Amino acid sequence: MKQIKRIKGTQDILPPISQKWQYIEKTLRKVMRCYGYNEIRTPMFEMTELFARGIGQLTDIVSKEMYTFQDRSKKSLTLRPECTAPVIRAYLENNLGEARPVQKLYYISAMFRQENPQAGRLRQFHQFGVECIGPQAPEADTETILLGLDIYQELGLKNFSVKINSVGDVESRVAYKSQLKKFLKPQLNDLCQTCRERYESNPMRILDCKNESCNEILASAPRILDALSENARSHFEKVLSLLDQNGVEYEIDHRLVRGLDYYTFTAYEFIGGGLGAQNALGGGGRYDLLAQEIGSKKPVPSVGFAAGIERLIMAMDKENLFPEMRKNVDVFIATFGGKSQEAGFKLAHELRKNDISVLTELMGRSLKAQMREANRSGARFALILGEDELRNGRAALKDLQKSEQQEVVLGKLATEILKSRQM
RNA sequence: GUGGGCGUAGCUCAGUAGGUAGAGCGCCAGAUUGUGGCUCUGGUGGCCGCGGGUUCAAGUCCCGUCGCUCACCCCA
């Protein structure tokens, strides 16, 4: 019979690698708490319309990357390709804005996009992200950037940078788009195929193009920062000045527009080193228009970012940032002869109730094999329990690190093991 | 969707001009009849991705196919 294999672009996260995930998640939660964020968990799938309207029909995500299917009642559902739209949907649906004017929410969850996998790109991947919902103030924008940086710093990441831009408000964008189109019009035929299509559908995305000849043309293109409205300009300046005041180094990238339609004002990216072709660790910005796109009657200003965990792990591996993974087994109970196996089994049960990590032999192997297993498991101690020991209520407790062995009264085993932990 | 690279033991890989498959690590056992790590000895383990073709003979050559991987596009 044919072996069933995992789906393309998915991963089995096996031990001990899963410990890296736990380490990162623990750090994330710690920093999130410092910034006053609370965790939100939304469903893994949503009505397709949420993403189609929220992210934008013309984006790559919606037009060609979504896992969309019909359920039995013919509703079109989609595995979430990102989590900002679901969070805002949950915010609106549960009237969180009525509860308090500022909601700071974070998530750590799986996302799905049907793309061809490569280094740093999977079909099921994981993001952590924050959404600061309610405030319009530039302080909120800067705070999310500081939060992201704190996470990377807390994890020890050295090789990364911040790029930032402003894509302005609606008014600025209308003005800029026409400037850009006017600039490009005479050179339209020199642009690549996709850029020519975008000229009508979404001219700002042309800035994103990496094609060499497009690059040359775009080098002298008008800059959006010069087209910002008064409001958008002062917002951006405040964001930058707060970054400066807090010692953040950043690079203004005039061509950073980001692929999702919902961004307004600030847009930024965390760029990592050594990640291969996919070097964005995370990206975010302000998205004041999203809530209304998905049905809110009033505007709900929000800012946030999403960042990839797989890419973070790659970057951290590159810099060797994961601490030594401890094997947390306290004792391996090796038994042989008579009733020792059952006695050892029962002893393990008692020790475990004292918060002690215990392994017992489950393969019926020889003492020698059990000792080897004890060593391999990383256990601090091996308890050697034979018939003789059982008779007089004592057993040999061998410290596998020091290679020392002592006799212990079985009743005092728990205290003995717990004592050794403090040393 | 497109292009490059690669599919041989649990893992990493070697396999010379086509001649009946190997190493290191791991795993198991013994040396040590009740004691791990080091060492030594032995052992287990392969539809050589799958299907077809050429040939006396195919892991090796040809065709097809599937999978993995990297890259383009774009993104996390």
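Chain A is the first sequence line, chain B the second, and so forth, proteins listed ahead of strands; every chain is numbered from 1. Everything numeric here is computed off the predicted structure, so don't read it as measured data.
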J.: Between atom CZ in F305(A) and atom P in C75(B), what is the gap in whole Å?
T.: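 Value for this atom pair: 18 Å.
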J.: Taking D141(A) first and then R286(A), would you say they form a salt bridge - that is, a charged N and a carboxylate O separated by under 4.0 Å?
T.: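 Yes.
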J.: Using a 4.0 Å heavy-atom cut-off, does E115(A) contact any base of the nucleic acid, only the sugar-phosphate backbone, or nothing at all?
T.: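 Here E115(A) touches the bases of the nucleic acid.
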J.: Between G37(B) and G45(B), how far apart are the P atoms? Round to whole Å, please.
T.: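 Their P atoms lie roughly 24 Å apart.
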J.: In whole Å, what is the span from the CG atom of L256(A) to the P atom of C75(B)?
T.: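 It is 10 Å, rounded to the nearest whole Å.
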J.: Any N/O pairs under 3.5 Å between the protein and nucleotides 70-72 of chain B? List them or say none.
T.:
unit_1	atom_1	unit_2	atom_2	d
C70(B)	OP2	A119(A)	N	3.2
A71(B)	OP1	A277(A)	N	3.3
A71(B)	OP2	Q118(A)	NE2	3.4
A71(B)	OP2	A119(A)	N	3.2
C72(B)	OP2	Q118(A)	NE2	3.3

J.: Let's test your reading of the model: under 3.5 Å, does the base of C27(B) pair with the side chain of R372(A) as donor and acceptor?
T.: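 Flag unset: no donor-acceptor pair detected.
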J.: Any side-chain N or O of R123(A) less than 4.0 Å from the OP1 or OP2 oxygen of A76(B)?
T.: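 No.
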J.: Within the 4.0 Å heavy-atom criterion, would you say R365(A) contacts the bases, only the backbone, or no part of the nucleic acid?
T.: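 The answer is sugar-phosphate, as R365(A) gets under 4.0 Å only of primed atoms, P, OP1 or OP2.
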J.: Between R223(A) and D226(A), does any side-chain N to carboxylate O distance fall below 4.0 Å?
T.: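 So R223(A) does not pair with D226(A) through a salt bridge.
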J.: So L281(A), base contact, sugar-phosphate only, or nothing? Heavy-atom distance under 4.0 Å.
T.: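 Here L281(A) touches the backbone only, sparing every base.
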J.: So that I can tick it off, tell me whether E143(A) and K104(A) are bridged by a salt bridge, with the cut-off set at under 4.0 angstrom between side-chain N and carboxylate O.
T.: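 Salt bridge present between K104(A) and E143(A).
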J.: Return the nearest nucleotide to the side chain of D60(A); candidates are C28(B), A76(B), C74(B).
T.: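 Shortest atom-to-atom distance from the side chain points to C74(B).
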J.: Under 4.0 Å, counting only non-hydrogen atoms across every strand here, what does R80(A) touch: a base, just sugar-phosphate, or nothing?
T.: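 Contact class for R80(A): none.
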J.: Could you go over nucleotides 45-47 of chain B and give all protein N or O partners under 3.5 Å, atom names and distances?
T.:
none

J.: Taking atom C1' in both U8(B) and G4(B), compute the distance separating them and give it to the nearest angstrom.
T.: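 Straight-line distance between the two C1' atoms is 22 Å.
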J.: Under the salt bridge (charged side-chain N to carboxylate O under 4.0 Å, His left out) rule, collect the residues that match up with R198(A), sequence neighbours excluded.
T.: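 Counting only residues at least two positions away or on another chain, R198(A) forms no salt bridge (charged side-chain N to carboxylate O under 4.0 Å, His left out).
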J.: Salt bridge or not between E82(A) and R80(A)? Use side-chain N to carboxylate O under 4.0 Å.
T.: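 Salt bridge flag = no for R80(A) with E82(A).
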J.: Applying side chain to side chain donor-acceptor pair (under 3.5 Å), name anything that partners D169(A), two or more places apart in sequence or on another chain.
T.: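 Counting only residues at least two positions away or on another chain, D169(A) forms a side chain to side chain donor-acceptor pair (under 3.5 Å) with S172(A), S229(A).
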J.: Ignoring hydrogens and angles, write down the donor-acceptor pairs under 3.5 Å from the side chains of residues 4-16 of chain A, residues two or more places apart or on other chains.
T.:
unit_1	atom_1	unit_2	atom_2	d
R6(A)	NE	T10(A)	O	2.7
T10(A)	OG1	I7(A)	O	2.6

J.: If the threshold is 4.0 Å, N to carboxylate O, is there a salt bridge linking D208(A) and R255(A)?
T.: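 Salt bridge between D208(A) and R255(A), a charged N being under 4.0 Å from a carboxylate O: no.
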J.: With Y268(A), which residues qualify under ring-ring contact (aromatic ring centres under 6.0 Å, His included), at least two apart?
T.: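 Y268(A) satisfies ring-ring contact (aromatic ring centres under 6.0 Å, His included) with F270(A) only.
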J.: Can you tell me how far C1' of A76(B) sits from CD1 of I151(A), to the nearest Å?
T.: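 Roughly 14 Å, once rounded to whole Å.
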J.: Quickly work out the I61(A) CD1 to C75(B) C1' distance and round it to whole Å.
T.: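 One finds 7 Å between C1' of C75(B) and CD1 of I61(A), rounded.
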J.: For E49(A), give me all partners under salt bridge (charged side-chain N to carboxylate O under 4.0 Å, His left out), at least two apart in sequence or on another chain.
T.: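 Partners of E49(A) under the salt bridge (charged side-chain N to carboxylate O under 4.0 Å, His left out) test: R53(A).
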J.: So that I can tick it off, tell me whether E342(A) and K346(A) are bridged by a salt bridge, with the cut-off set at under 4.0 angstrom between side-chain N and carboxylate O.
T.: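 No, K346(A) and E342(A) are not salt-bridged.
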J.: Between which residue ranges does RNA chain B form stems of three or more consecutive Watson-Crick or G-U wobble pairs, both distances under 3.5 Å?
T.: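 Stem segments, range with range: B:1-7 with B:66-72, B:10-13 with B:22-25, B:27-31 with B:39-43, B:49-53 with B:61-65.
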J.: Without placing hydrogens or testing angles, list every side-chain donor-acceptor pair under 3.5 Å for residues 105-113 of chain A, not counting sequence neighbours.
T.:
unit_1	atom_1	unit_2	atom_2	d
Y106(A)	OH	R29(A)	NH1	3.1
R113(A)	NE	P81(A)	O	2.9
R113(A)	NH2	P81(A)	O	2.9

J.: Who are the side chain to side chain donor-acceptor pair (under 3.5 Å) partners of R376(A), not counting sequence neighbours?
T.: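 Testing R376(A) for side chain to side chain donor-acceptor pair (under 3.5 Å), a comparison that skips the adjacent residues, returns E373(A).
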J.: What's the gap between A21(B) and C13(B) when it is taken at their P atoms, as a whole Å value?
T.: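 Roughly 23 Å separates the two P atoms.
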J.: As a test of reading the structure: which of A76(B), C27(B), C75(B) is closest to the side chain of R376(A), going by heavy atoms?
T.: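 Selected nucleotide (nearest to the side chain): C27(B).
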J.: Using whole Å, what does the distance between atom C1' of nucleotide C75(B) and atom CZ of F51(A) come to?
T.: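 Between C1' of C75(B) and CZ of F51(A): 16 Å.
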J.: Restricting to nitrogen or oxygen on both sides, can you table the protein-nucleotides 33-35 of chain B pairs closer than 3.5 Å?
T.:
unit_1	atom_1	unit_2	atom_2	d
G34(B)	O6	D388(A)	OD2	2.2
G34(B)	N1	E389(A)	OE1	3.2
G34(B)	N1	E389(A)	OE2	2.9
G34(B)	N2	E389(A)	OE2	2.3
U35(B)	O2	K398(A)	NZ	3.4
U35(B)	O2	Q405(A)	OE1	3.2
U35(B)	N3	Q405(A)	OE1	3.1
U35(B)	N3	Q405(A)	NE2	3.2
U35(B)	O4	Q405(A)	NE2	3.0

J.: Does a salt bridge link R89(A) with E46(A), judged by any charged N lying under 4.0 Å from a carboxylate O?
T.: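 Looking at E46(A) together with R89(A), the answer is yes, because their closest N to O distance falls below 4.0 Å.
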J.: So which pairs with a foot in residues 124-137 of chain A pass salt bridge (Lys or Arg N to Asp or Glu O under 4.0 Å), sequence neighbours left out?
T.: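 Listed once each, the pairs would be none.
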